[in-house]
Amino acid sequence: MTANYETREHDVLIIGAGGAGLRAAIEALAQGASVGVVCKSLLGKAHTVMAEGGIAAAMANVDAADSWKTHFRDTMRGGKFLNNWRMAQLHAQESPDRVRELEQWGALFDRTESGDILQRAFGGHTFKRLCHVGDRTGLEMIRTLQDRGVQQGIDVYMECTVTRLLMDGGRVAGAFAYWRENGRFIVFKAKSIVIATGGIGKAWRVTSNSWEYTGDGMALAYEAGAELMDMEFVQFHPTGMVWPPGVQGILVTEAVRGEGGILRNKVGERFMEKYDPKRMELSTRDVVARSIYTEVKEGRGTEHGGAYLDISHKPAEYVKKKLPSMYHQFKELADVDITKGPMEVGPTCHYMMGGIRVDAETAQSTVPGLFAAGEAAAGLHGANRLGGNSLSDLLVFGRRAGLAAAQHAKRSSTPSIDNAQIEQAEKELLAPFSNSGSESPYAVHRDLQEVMQNLVGIFRTDEDLKKALAELVKLKSRAAKVSVEGSRLFNPGWHLSFDLKAMLTVSEAVTYSALARTESRGAHSRIDHPSVDSAWEKKRNVIVRESGGMSRREVPIKPMPKELQEILDEDKV
Amino acid sequence: MKEATLRVFRGDSSGGQTVDYRVPVAPGMVVLDALHYIQGYLAPDLAVRWNCKAGKCGSCSAEVNGRPRLTCKTRMDDLPQDQPITVLPMKSFPRIKDLVTDVSWNYRVNRKIPPFEPRKRVEWKISQLDVDRVQEFRKCIECFLCQNVCHVLREHDKKEQFAGPRFFVRVAGLEMHPLDGLNRAGLLKDQLGLGYCNITKCCTEVCPEEIHITDNAIIPLKERVVDEFYDPLTMLFRKIRGG
Ligand SMILES: Cc1cc2nc3c(=O)[nH]c(=O)nc-3n(C[C@H](O)[C@H](O)[C@H](O)COP(=O)(O)OP(=O)(O)OC[C@H]3O[C@@H](n4cnc5c(N)ncnc54)[C@H](O)[C@@H]3O)c2cc1C
Ligand code: SF4
Ligand code: SF4
Ligand code: FES
């Protein structure tokens with residue numbers, strides 16, 4: 001058989017061109033590796049570009065008392081102590097350097113009076129800690145990284161989707177992908193692979209996430225034998241837009257509350273007084289999301305089923321300067337002038353704390369040669385992520401993943417890939433063209449979103465989760481039968497039929513893990529188990545593929561060294 | 001529910017035609033929502049780019065009723081509903097399929113521009129005033145709508161000689177970075193073809209980020225090129241220096 005694919009070879013292949021992937025690429029390149037970066041969209045359009053509020057780093061430019069220790073403590077507390085403590089430590093220690101480095105590569109941040117990087121308040125952070133530029137921090141970050149990466153010589157494969165990791169025995173050997181533009185195939189050979197594919201929000205109906213967030217990287221790693229962990233922890237951001245219907249779920253940055261925004265219910269009560277009188281609007285996201293949900297459920301919601309978020313008590317010029325894109329977003333999409341009146345907001349599926357299980361120092365997964373960083377990896381955020389801790393995560397662990405992947409490549413021989421794997425990947429991908437019947441990938445996707453939204457949302461019960469698992473089984477068999485129209489030329493229906501499989505895999509992992517965790521912690525709230533169970537503080541859920549099926553294990557969490565424990569014990573608030 | 005007709009280009013590099021689709025209209029709906037409805041229920045292979053659905057990523061550019069716009073920020077209720085709404089791909093780039101065009105040329109142009117390089121022995125202190133001044137240029141979301149309307153590219157197809165307004169905005173963002181140490185005037189003149197721009201301002205009119213491309217980026221850059229290359233004093237200095 002003549003090859004109906006092109007082949008490319010790199011020392012390090014990076015799947016994903018968001019902050020994590022690009023930072024990994026820059027580092028691997030600096031180590032002398034040849035680096036390829038693959039991404040589903042055009043370069044510069046990954047989720048990172050949408051990040052608004054800022055990057056958390058204890059630079060102590062505004063609050064001199066800040067230090068890595070406080071950042072570490074805030075992160076662990078926010079994550080309800082389920083975080084990988086070593087990751088939380090490295091993250092807190094290294095993020096200031098990573099931000100400075102970004103500045104040296106040309107990123108411009110807002111400044112303090114004395115000319116240093118300005119930092120703003122955010123939920124769960126003790127001090128003003130988020131380095132930002134207005135409310136378009138992610139754009140500044142991704143442009144800086146992409147321009148540096150491209151100039152340094154990474155090869156970028158844009159609009160190219162990886163559908164399978166290729167193996168050489170137990171280690172990773174490459175990846176199979178298709179070009180979205182023309183549907184042709186491409187095989188990458190690589191000694192190391194970094195997964196930086198982001199999250200899974202598109203499995204829910206109301207989400208701040210784009211079409212890209214279908215959990216591909218987690219599903220690819222899982223299929224290759226890697227472990228997933230903490231999959232029950234899905235972050236619902238408290239403030240998404242709720243009206244008009246078309247914009248439902250679009251993010252309203254936490255920076256609105258960071259800059260002094262106030263939440264009220266329909267009768268004008270500042271309801272956070274009831275739920276977290278100390279931190280009020282700047283409580284952690286899990287708490288604020290549940291509070292808004294509860295207000296609405298108990299009949300105190302706004303006209304369109306949300307809460308009011310008001311920043312109009314601040315001077316109009318200040319609001320326009322610090323929150324320009326929010327100002328435009330509401331004006332253009334919802335006919336609301338946020339300098340004059342309140343916004344209507346409600347919870348939206350936003351971020352995945354769980355993901356690929358990695359080693360803290362090297363970001364290597366449980367499969368040799370396979371690394372993961374950014375939202376696709378798990379550990380840093382535990383049961384709940386603090387705002388701003390994702391962008392810093394991308395930089396700190398993106399760099400570590402790139403470094404370790406390049407070193408791994410240096411030590412490794414060229415892997416070999418047998419043709420059977422490639423043929424199998426081709427066959428799977430082309431199946432929807434030969435499937436008969438009329439099952440549409442869009443219809444299956446809509447139904448999946450309803451299942452996850454209604455049964456695996458903010459509040460969960462044993463009954464709902466079991467129902468969800470049963471529904472997922474049906475959806476999986478429907479997904480196997482989807483058929484598509486048209487050709488292989490830029491065909492979104494066809495593209496979705498692969499994405500669907502990934503979404504179903506991660507949805508199943510989320511639901512299994514949620515069912516097992518019979519307590520409420522962080523972003524995971526069980527109505528039938530409303531309190532924290534200390535037994536669940538010492539172990540976590542791990543999902544792995546075994547003889548074709550999904551299996552779950554509980555693994556113990558390593559006890560924290562004394563010096564870190566002492567940091568947590570200091571100043572008990 | 002109210003309905004509207006979308007008249008969407010269907011085809012590829014070899015040609016095509018517009019096809020009409022009837023779409024239900026919900027309050028506050030944008031053109032991109034209508035395109036998603038078509039994908040989901042009527043034409044699953046309709047090719048469209050999008051990511052953020054909030055005007056932040058610059059993926060969803062198209063020509064709506066003849067005007068280049070972001071489809072995720074174009075409200076259906078701002079368009080006349082009694083006639084079909086036409087949605088065509090950007091004209092200045094080669095077609096791939098339906099509304100998706102080949103914008104890879106832009107990425108090649110970008111490679112010609114050296115990124116930020118700090119001045120020697122710089123102290124990393126910057127005033128907010130300086131940040132505010134360049135902010136405008138750094139807001140660019142690379143929707144390429146300005147590239148699409150600029151006549152130098154659209155009518156005269158000078159893609160080899162001319163970088164287009166997007167990249168003048170980028171150079172402005174670098175040149176006016178308070179700590180940047182490079183000089184890109186020669187590049188602007190010789191490789192990016194700044195001289196082809198005759199200040200028609202069409203680019204500024206379509207920019208969804210409301211960047212004053214012509215007044216704030218292009219004209220100051222043109223002045224810089226003039227100072228550098230045509231100013232008698234600088235020219236004399238160059239001669240003496242042998243530069
Ligand atoms: C609206 C919004 C605002 C946010 N604001 C903030 C903030 O202020 N502060 C903060 O810290 N965090 C914020 N977050 C979260 C943060 O932006 C994301 O978690 C982070 O950007 C994820 O980065 P990443 O590098 O892991 O992935 P991404 O930036 O999402 O990149 C993923 C990449 O993987 C590629 N990819 C995926 N699947 C495949 C495949 N199968 N084949 C090839 N390529 C693939 C994609 O094309 C993309 O290039 C925000 C998120 C959103 C949605
Ligand atoms: S002002 Fe210059 S760059 Fe802008 S559209 Fe006119 S000719 Fe093109
Ligand atoms: S300058 Fe404006 S129109 Fe041009 S690419 Fe940037 S955002 Fe789009
Ligand atoms: S989808 Fe991002 S700008 Fe329209």
Side-chain angles (χ1 to χ4, degrees), chain A residues 41-47 49-50 100 103-106 108-112 114-116 118 133-134 136 139-140 143-144 147-148 150-151 156 158 181 210-212 243-247 250-251 325 328-329 332-335 440-443 446 484-487 489-494 496, chain B residues 12 26-30 32-33 39-41 43-59 72-73 75 96-98 100 102-104 107 110-111 113-118 123-128 130-132 134-135 138-142 173-174 177-180 210:
Chain A
S41 288
L42 295 170
L43 186 60
K45 312 290 185 196
H47 256 82
V49 79
M50 300 166 215
R100 275 189 280 270
E103 175 167 78
Q104 284 157 14
W105 296 344
L108 267 180
F109 297 98
D110 282 346
R111 314 309 289 193
T112 63
S114 56
D116 296 315
L118 182 62
V133 44
R136 49 159 211 85
L139 173 65
E140 188 72 15
R143 284 286 179 276
T144 304
D147 288 332
R148 183 169 179 91
V150 166
Q151 288 295 330
V156 183
M158 317 196 270
E181 177 179 332
S210 83
W211 72 273
E212 294 200 308
W243 184 259
V247 301
I250 293 180
L251 194 76
S325 71
H328 286 285
Q329 185 170 310
E332 284 155 32
L333 300 176
D335 301 321
S440 143
Y442 291 95
R446 284 193 291 268
V484 298
E485 290 170 25
S487 72
L489 198 67
F490 213 113
N491 186 340
W494 177 41
L496 180 60
Chain B
D12 52 38
M29 187 163 158
V30 294
L32 182 61
D33 292 322
Q39 275 187 332
Y41 295 94
D45 62 340
L46 174 68
V48 180
R49 280 196 185 104
W50 72 282
N51 282 78
C52 67
K53 226 175 102 39
K56 297 196 171 70
C57 72
S59 304
C72 76
K73 273 176 66 180
R75 293 265 296 258
I96 293 177
K97 187 177 152 203
D98 306 338
V100 173
D102 179 357
V103 292
S104 58
Y107 289 86
N110 196 33
R111 274 175 183 264
I113 302 172
F116 171 78
E117 207 179 294
E123 207 201 328
W124 294 93
K125 296 270 184 192
I126 303 173
S127 81
Q128 184 63 34
D130 284 336
V131 176
D132 290 343
V134 282
Q135 211 52 265
R138 307 178 72 92
K139 285 195 307 192
C140 167
I141 55 173
E142 298 209 316
L174 291 165
H177 186 302
L179 305 182
D180 181 72
E210 295 173 8

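Note on naming: letters A, B, ... go to the chains in the order of the sequence lines (proteins, then strands), and numbering restarts at 1 for each one.
Chain B forms more heavy-atom pairs under 4.5 Å with one residue of Arg143(A), His328(A), Arg100(A) than with any other, namely Arg143(A). The residue among Val131(B), Ile126(B), Asp98(B), Asp33(B) with the most heavy atom pairs within less than 4.5 Å of chain A is Ile126(B). With chain B as partner, the option from Leu118(A), Val156(A), Leu43(A), Leu251(A) having the largest number of non-hydrogen pairs under 4.5 angstrom is Leu43(A). Chain B forms more heavy-atom pairs under 4.5 Å with one residue of Val49(A), Leu496(A), Asp335(A), Val247(A) than with any other, namely Asp335(A). For the set Cys52(B), Ser59(B), Pro44(B), the entry with the most heavy-atom pairs within less than 4.5 Å of chain A is Pro44(B). Residue with the most contacts toward chain A among Glu123(B), Glu142(B), Lys139(B), Met29(B): Glu142(B) (heavy-atom pairs, distance under 4.5 Å).
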Problem - Check against side-chain contact (heavy atoms from CB on, under 4.5 Å), Glu140(A) and Arg138(B) - result: CA-CA 7 Å; Glu140(A) 188 72 15; Arg138(B) 307 178 72 92; 2.6 Å; yes
task = Could you give me the CA-CA distance, side-chain angles and deciding distance for Met50(A) and Asn51(B), then say whether side-chain contact (heavy atoms from CB on, under 4.5 Å) is met?
result = CA-CA 9 Å; Met50(A) 300 166 215; Asn51(B) 282 78; 4.2 Å; yes
With side-chain contact (heavy atoms from CB on, under 4.5 Å) as the criterion, how do Asp45(B) and Val484(A) come out once you've worked through the C-alpha distance, each side chain's angles and the decisive distance to 0.1 Å? CA-CA 8 Å; Asp45(B) 62 340; Val484(A) 298; over 6 Å; no
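Contact annotation for Ile113(B): only backbone heavy atoms (N, CA, C, O) come within less than 4.5 Å of a heavy atom of chain A. Heavy atoms closer than 4.5 Å to chain A are found in the side chain of Arg75(B), but not in its backbone. Proximity to chain B involves both the backbone and the side chain of Glu332(A), based on heavy atoms less than 4.5 angstrom apart. With a 4.5 Å cut-off on non-hydrogen atoms, Glu212(A) touches chain B through its side chain but not through its backbone. For a residue to count as touching a neighbouring chain, one of its non-hydrogen atoms must lie under 4.5 Å from one of that chain's; by this rule Pro118(B) touches chain A with the side chain only. Of the two parts of Ala334(A), only the backbone, made up of N, CA, C and O, holds a non-hydrogen atom closer than 4.5 Å to a non-hydrogen atom of chain B. Contacts between Val48(B) and chain A at a heavy-atom distance below 4.5 Å involve the backbone alone (N, CA, C, O). Leu46(B) touches chain A through its backbone: at least one of N, CA, C or O sits under 4.5 Å from a heavy atom, while the side chain does not.
In this structure, NZ on Lys73(B) lies 7.5 Å from CG on Leu333(A), to the nearest 0.5 angstrom.
Remark: side-chain polar atoms of Glu117(B) are not paired, donor with acceptor, to backbone N or O of Gly106(A) under 3.5 angstrom. At distances below 3.5 Å, at least one donor-acceptor pair connects side-chain atoms of Trp211(A) with backbone N or O atoms of Trp50(B). Without hydrogens or angle criteria, Gln151(A) side chain to Arg111(B) main chain gives a donor-acceptor distance under 3.5 Å. In terms of modelled atom types and a separation under 3.5 Å, the side chain of Lys53(B) and the main chain of Gly246(A) share a donor-acceptor contact.
Of all heavy-atom pairs between Lys56(B) and Ser325(A), the closest is CE-OG, 3.7 Å. Residues Tyr107(B) and Lys45(A) come closest through the heavy atom pair OH-CE, 4.3 Å. The two residues Pro245(A) and Pro27(B) have their closest heavy-atom pair at CD-O, 3.3 Å. Ile96(B) approaches Leu489(A) most closely through the heavy-atom pair O-CD2, 4.0 Å. Heavy atoms only, all atoms of each residue included: Phe490(A) and Arg49(B) are closest at CZ-CG, 4.4 Å.
Counting heavy atoms from C-beta outward, Arg111(A) and Asp132(B) have side chains that stay 4.5 Å or more apart. Contact annotation: the side chain of Leu108(A) approaches that of Pro178(B) to within less than 4.5 Å [non-hydrogen atoms, C-beta and beyond]. The shortest distance between side-chain heavy atoms of Val133(A) and Gln135(B) falls below 4.5 Å.
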